[in-house]
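Step one of this worksheet: look at the structure below.
Worth knowing before you read on, the calculation uses all heavy atoms, side chains too, and leaves out hydrogens, waters and symmetry mates.
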Amino acid sequence: MKISEAAAASGCHLETIRYYERVGLMPPPARTASGYRAYRPAEVERLRFISRGRELGFSLEEIRSLLRLEDDSKMSCGDVDAIARTHLADIHLRTDELQRMAMELERVIAQCAGGERECCTILHALRDTGIVSKRDVARCRV
């Protein structure tokens, strides 16, 4: 099938498929006599594998490792499990960091009095440490 058909079947954008070929996640496809890429069902399945990995937040290097494990029938499921567990731990760390950022932003927004720009607690928090004294808040609310 042509690259446009492979894109539709796999859910990958055309340029993404070309990129995966350039970085070695996809092998170079066969070419037709006229030079067009010709994808086999196994290559479309590999594209789906990569796409699903990206949807789950795996980095390209993690996907490369998973593909090596997928391609080597002698590898154990434990190796795949280790990669997935490490990735899950990273997701939990990022989730914690996002929660911390959300709480800080909520705090700063709650202090906003909606007054003059020079009293804007949000801009102050971005400019400085993010610590706004009650005295500053009171001065700006007057």
Quiz item: Counting heavy atoms not belonging to Glu5, are there more than 12 under 6.0 Å from its CD?
Solution: yes
Quiz prompt | Approximate separation, where rounding is to 0.5 Å, of Leu67 CG and Asp72 CG | solution = 12.5 Å
Exercise. Taking the side chain as every heavy atom from C-beta outward, state whether Val80 and Glu70 have any pair of such atoms under 4.5 Å apart.
Key: no
Practice problem: To the nearest 0.5 Å, tell me how far Ile50 CD1 sits from Leu25 CG. | Solution: 5.0 Å
Quiz item: Transitive ILVMFWY cluster of Leu98 at side-chain heavy atoms under 4.5 Å: who else is in it?
Solution: Met101
Quiz prompt | Value rounded to 0.5 Å, distance of CD in Glu61 from CD1 in Ile83 | solution = 11.0 Å
Quiz item: Can you tell me how far OG1 of Thr32 sits from NZ of Lys2, rounded to the nearest 0.5 angstrom?
Solution: 8.0 Å
Practice problem: Sequence neighbours left out, what pairs pass side chain to side chain donor-acceptor pair (under 3.5 Å) with at least one residue falling in residues 14-28? | Solution: Glu15-Arg18, Glu21-Arg37, Glu21-Tyr39
Exercise. For Arg85, look at atom CZ and say whether over 12 heavy atoms of other residues, nucleotides or ligands are found less than 6.0 Å away.
Key: no
Quiz prompt | Interatomic spacing from CD1 in Ile91 to CZ in Phe58 - rounded to 0.5 Å | solution = 7.0 Å
Quiz item: Does a side-chain heavy-atom distance below 4.5 Å link Arg100 with Asp96?
Solution: no
Quiz prompt | Stepwise salt bridge (Lys or Arg N to Asp or Glu O under 4.0 Å) check, Arg107 with Glu104 | solution = CA-CA 5 Å; Arg107 183 189 68 77; Glu104 175 64 11; 2.6 Å; yes
Quiz prompt | Residues, nucleotides or ligands: over 12 heavy atoms within 6.0 Å of Gln99 CD | solution = no
Practice problem: Identify the two heavy atoms, one from Cys12 and one from Ala7, that lie closest to each other, and give their separation to 0.1 Å. | Solution: O-CB, 3.0 Å
Quiz item: Would you say Ile3 and Tyr36 make side-chain contact, with heavy atoms under 4.5 Å?
Solution: no
Quiz item: Would a 4.5 Å heavy-atom cut-off, applied to side chains only, mark Arg68 and Ser65 as touching?
Solution: yes
Quiz item: Under the 3.5 angstrom rule, does the side chain of Arg54 hit a backbone N or O of Ile63 as a donor-acceptor pair?
Solution: no
Practice problem: Indicate yes or no: does Glu45 engage Arg48 in a salt bridge with an N to O separation below 4.0 Å. | Solution: no
Quiz item: So, do Pro27 and Arg46 sit near enough that their side-chain heavy atoms are less than 4.5 Å apart?
Solution: yes
Quiz item: Arg52 versus Leu56: any side-chain heavy-atom pair under 4.5 Å?
Solution: yes
Quiz item: How many angstroms lie between OG in Ser10 and CE in Met1, if you round to the nearest 0.5 Å?
Solution: 9.0 Å
